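What you are looking at is a predicted structure, and each value in this text was computed from that prediction instead of being measured. Lettering follows sequence order; numbering is per chain, from 1.
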Amino acid sequence: MIMEKKTIRIGNPYIKKEMDDLVRLCADVTIQGKTVSLWYGVERRYEDALTKDRSDPFAVALINIAMLLGADIICDSPVSRRLLYKINHSFIPALCFVSDELSEIKVIAEPAESCGSQGAIGCSCSFGLDSFYTILKNRDGEYPITHLCLFNAGTFEGENSRRLFQRHYGMVKDYAEKHGLDPLFVDTNLHEVLEERYMSIATIRQLSIVLALQGLFKAYLYSSGRAETELFIMDPYEGSSYDPLSVDCFSTDSLRIFLSGIPFGRPDKLHFIADHPEEAAMIHPCFRNPVWEKNCGKCRKCSRDMLVIYADGMTDRFSEAFDFGGFEKKIPTFLASAMVMGDELNPGTLKYWTQKGLPIPKKTYVYAERFRAAMKNLEENGA
Amino acid sequence: MYRINDEKMFFDMEDGQAVIINSLTGIYYGTSSLASAVLDAVVNGAGREALLKSLRNIPGCPDDIENSLDTFFEDLISREILLSDDADGDCPAFDKSALEDGFDLSIEEFSEVQDLILADPIHEVNIKDDWSPIKS
């Protein structure tokens, strides 16, 4: 008996006008007999920029699910020629090579020639270290930024995620307008419909949104969260580990996506931001508090950056962003957690600390053992 | 009085700062300077009355220190850091370094280690029945 191959079908994209001056680029997607509508929502002034004539953003957004299911993606509308080629001949084979869980599927569509754009150049504005670095480094030069973007595709969580997103966007708007740049938000329902592990597909989601605006962008600078100067080691569960592959494969003939900020690590970027008082005051790596509240100073992202800032004697320059009161007392535990967690969010923090000639307190090793025991217990037994 | 819940909690004093680590969850705690000194005394067997006496002997001690102390202990019990015990020993005089943060008796929780494990669990897609994802 011949088993029919699973498929995901993407219907022709269409525009849906919403209330509140919003428009959505939509496509009805059928996966194993179940049909849902995926959409990307923007302000009406960007309606002409939406990629209506091809399936590019939807095909990219569904790649991970398709590979997990072993389902070919069939598009009723064309896909940009270069994108189609790179997905089928580079991206999918590469990911399947490193993961037994993924199947080598095909994206099946007519190839489309490049489309025109308004020539804009965008990047994200999350108030994180990487995005501020990209913004400040590309105020002029070969690709001077014109648009600061905020995308809602999984970073904002919980019941109030849309409200959080809009409030965050209000701050992006203020910052953009102050610096003569255009603010742009894209809301989506990708994270509501496709329940994937966000860290695995963050880049895929973000770049699918960029592809939804090919009528606007000729270039997009994607802020790298990684700093390795050596070859990236592909981890299928960590999308950022193969960002160079993603930005190359998801570029088209008319939209070039560049990876910004490599090979610089967080210590280098913090040092750079320290010379820009406005951004040093606003920087917000915090995992817990929203951007309109001060960094919590306790989460793993805050603790790593605070260690580097302290090691570099820059606490006064970041005093508006972080509260360094009593910080010395927290050093042994912060170093211990960095030790145990392998410095994975901020490669080089411990190395940077010792390079600055700062000692690692003996107690750090004792605390690290306790943290290791706890992590082992959590992994074995759950919450 | 009370004792540290040794089965779950690792307690350490370093340069006047108490560090408590929950060895099962990775959650750890820091306390204010006076709270650290109080906890150190508890670990060494001090009873409630002896603690109160030593606190009241500190110049400038607020009138509601007894309330503050009991609230602090209730907080520690609710976090399973302290358990009830028969300890009723003496309490040494508190050093002036214990007043670095004033008479504040507070505890701060840090869950970054736990956050790492729990924040983003691996999802697997249920490919048998439909494509709705299930959490592993």
Exercise. Decide whether B/S111 and A/R300 meet the rule of one side-chain donor and one side-chain acceptor closer than 3.5 Å.
Key: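 Their side chains do not contain a donor-acceptor pair, so the 3.5 Å distance test is not met.
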I need the [X] [atom1] to [Y] [atom2] distance, nearest 0.5 Å.
| X | Y | atom1 | atom2 | result |
| --- | --- | --- | --- | --- |
| A/E380 | B/L24 | CD | CG | 11.0 Å |
| B/S23 | A/E369 | OG | CD | 11.0 Å |
| B/I21 | A/T333 | CD1 | OG1 | 7.5 Å |
| A/R370 | B/D12 | CZ | CG | 9.5 Å |

Quiz prompt | B/G26 versus A/A374, closest heavy-atom pair with distance | solution =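 Shortest heavy-atom contact: N-CB, 3.1 Å.
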Quiz item: Between B/E109 and A/K298, which heavy-atom pair has the shortest distance, and what is it?
Solution: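 So the minimum-distance heavy-atom pair works out to O-CD, 3.3 Å.
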With a sphere of 6.0 Å drawn around [atom1] of [X], does it hold more than 12 non-hydrogen atoms of other residues, nucleotides or ligands?
| X | atom1 | value |
| --- | --- | --- |
| B/K8 | NZ | no |
| A/E293 | CD | yes |
| B/D90 | CG | no |
| B/D64 | CG | yes |

Quiz prompt | Check: A/Y367 ring centre within less than 6.0 Å of B/Y28 ring centre | solution =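 No, the ring centres sit 6.0 Å or more apart.
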Flag the pair [X] / [Y] as yes when at least one side-chain heavy-atom distance between them is below 4.5 Å, and no otherwise.
| X | Y | result |
| --- | --- | --- |
| A/P332 | B/Q17 | no |
| A/K329 | B/D101 | yes |
| B/E14 | A/K362 | no |
| A/K363 | B/M13 | no |

Exercise. Measure up the A/F334 and B/F110 rings against each other and bin them: parallel (under 30°), tilted (30 to 60°), perpendicular (over 60°).
Key: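 Taking B/F110 first and then A/F334, their aromatic rings stand perpendicular (interplane angle over 60°).
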Practice problem: Against chain B, label A/K376 side chain, backbone, both or neither, depending on which of its atoms sit under 4.5 Å from a heavy atom there. | Solution: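 Interface part for A/K376: neither.
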